[in-house]
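Only one structure is covered here, and it is reproduced in the block below.
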Amino acid sequence: MHGHRYDDVRLGDEGARAYVLEERLVGYDSYQVAELALADGTTVVRVRVLTLDDVTTVWPLAGEPSLPDRWEGRLLLRSRERGGRVPPDLASALDAAGLDLAVLDAAQRRHLVGFVSEAHPGPTRDARLAVAVAAVAAAQRRGRGSA
């Protein structure tokens, strides 16, 4: 992966220094801590990863060295791809309704799995499960539409 320094001059003399990835990360949780191993083979910098609508930035943590103006390296994320595991209660609810998440595209599945996974057991999660089942049923009736 490649990146470059970006200074936001709108923030005054102090400014804000961000490092922008040449390609936006897709499908991974944002605002997490990761390690950026530079291609020089000796430098590893702990960074905070932030993905916005059209760009992914990395910010060295306090006490970590700055990155060069332009760099190449490997971003080592601590978690696997978002939405990869369907919670058992969601899988059971969909199975009981005769539905399959495959009717949704990958982004819709990630969103729905995250929507359910973020709720703790109880009334909120139960409500989210019901909404998820209804959304998949509606998408199935439309034949691969939006959830």
Side-chain angles (χ1 to χ4, degrees), residues 1-11 16-41 43-62 64 66-147:
M1 123 175 344
H2 295 84
H4 63 276
R5 189 177 88 188
Y6 173 80
D7 294 320
D8 190 337
V9 296
R10 295 172 297 173
L11 297 178
R17 178 173 293 165
Y19 297 90
V20 178
L21 302 184
E22 297 294 331
E23 286 189 38
R24 180 181 179 275
L25 285 182
V26 177
Y28 290 87
D29 289 327
S30 190
Y31 209 70
Q32 64 175 307
V33 174
E35 291 181 341
L36 179 59
L38 297 182
D40 67 12
T43 306
V44 176
V45 179
R46 288 177 23 95
V47 296
R48 170 108 26 227
V49 179
L50 179 60
T51 299
L52 305 169
D53 289 340
D54 59 351
V55 67
T56 298
T57 60
V58 294
W59 305 73
L61 298 179
E64 292 290 321
S66 294
L67 297 170
D69 288 351
R70 294 201 151 297
W71 49 267
E72 179 179 349
R74 184 169 176 212
L75 190 61
L76 308 167
L77 300 168
R78 291 185 177 177
S79 62
R80 62 178 189 252
E81 189 169 358
R82 183 179 38 178
R85 186 178 155 273
V86 178
D89 54 350
L90 176 58
S92 295
L94 291 171
D95 189 48
L99 301 170
D100 186 353
L101 273 178
V103 71
L104 304 176
D105 66 34
Q108 292 168 331
R109 282 191 303 271
R110 278 193 311 272
H111 177 76
L112 206 62
V113 166
F115 177 69
V116 171
S117 297
E118 291 170 355
H120 295 289
T124 299
R125 188 170 181 109
D126 294 343
R128 288 185 180 194
L129 284 167
V131 168
V133 169
V136 173
Q140 188 167 306
R141 282 193 302 275
R142 286 190 305 272
R144 290 200 75 86
S146 299

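Keep in mind it's a predicted model, so treat the numbers as computed, not measured.
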Which atom of [X] lies closest to which atom of [Y], heavy atoms considered:
X   : Y    : value
L36 : G73  : CD1-C, 4.4 Å
T51 : T56  : OG1-OG1, 3.0 Å
A91 : V86  : N-CG1, 3.9 Å
A34 : L76  : CB-O, 3.4 Å
P87 : R125 : CB-NH2, 3.4 Å
P68 : L38  : CD-CD1, 4.1 Å

Reported [atom1]-to-[atom2] distance for the pair [X] and [Y], which is rounded to 0.5 angstrom:
X    : Y    : atom1 : atom2 : value
E64  : R46  : CD    : CZ    : 6.5 Å
Y19  : Y6   : OH    : OH    : 14.0 Å
L101 : R110 : CG    : CZ    : 12.5 Å
R5   : L67  : CZ    : CG    : 10.5 Å
E22  : H4   : CD    : NE2   : 5.5 Å
L90  : L112 : CG    : CG    : 6.0 Å

For a 4.5 angstrom cut-off between non-hydrogen side-chain atoms, does [X] reach [Y]?
X    : Y   : result
V55  : E23 : no
L21  : V58 : yes
D100 : L94 : no

R24, CZ atom: more than 12 neighbouring heavy atoms under 6.0 Å: yes

R128 NZ/CZ over F115 ring centroid, <6.0 Å and within 45° of normal: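 The answer is yes; both the distance and angle limits are met.
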
Whether D40 side chain and T43 backbone form a donor-acceptor pair below 3.5 Å: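 A pair under 3.5 Å: yes.
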
No-hydrogen, no-angle side-chain donor-acceptor test under 3.5 Å, D89 and S92: no

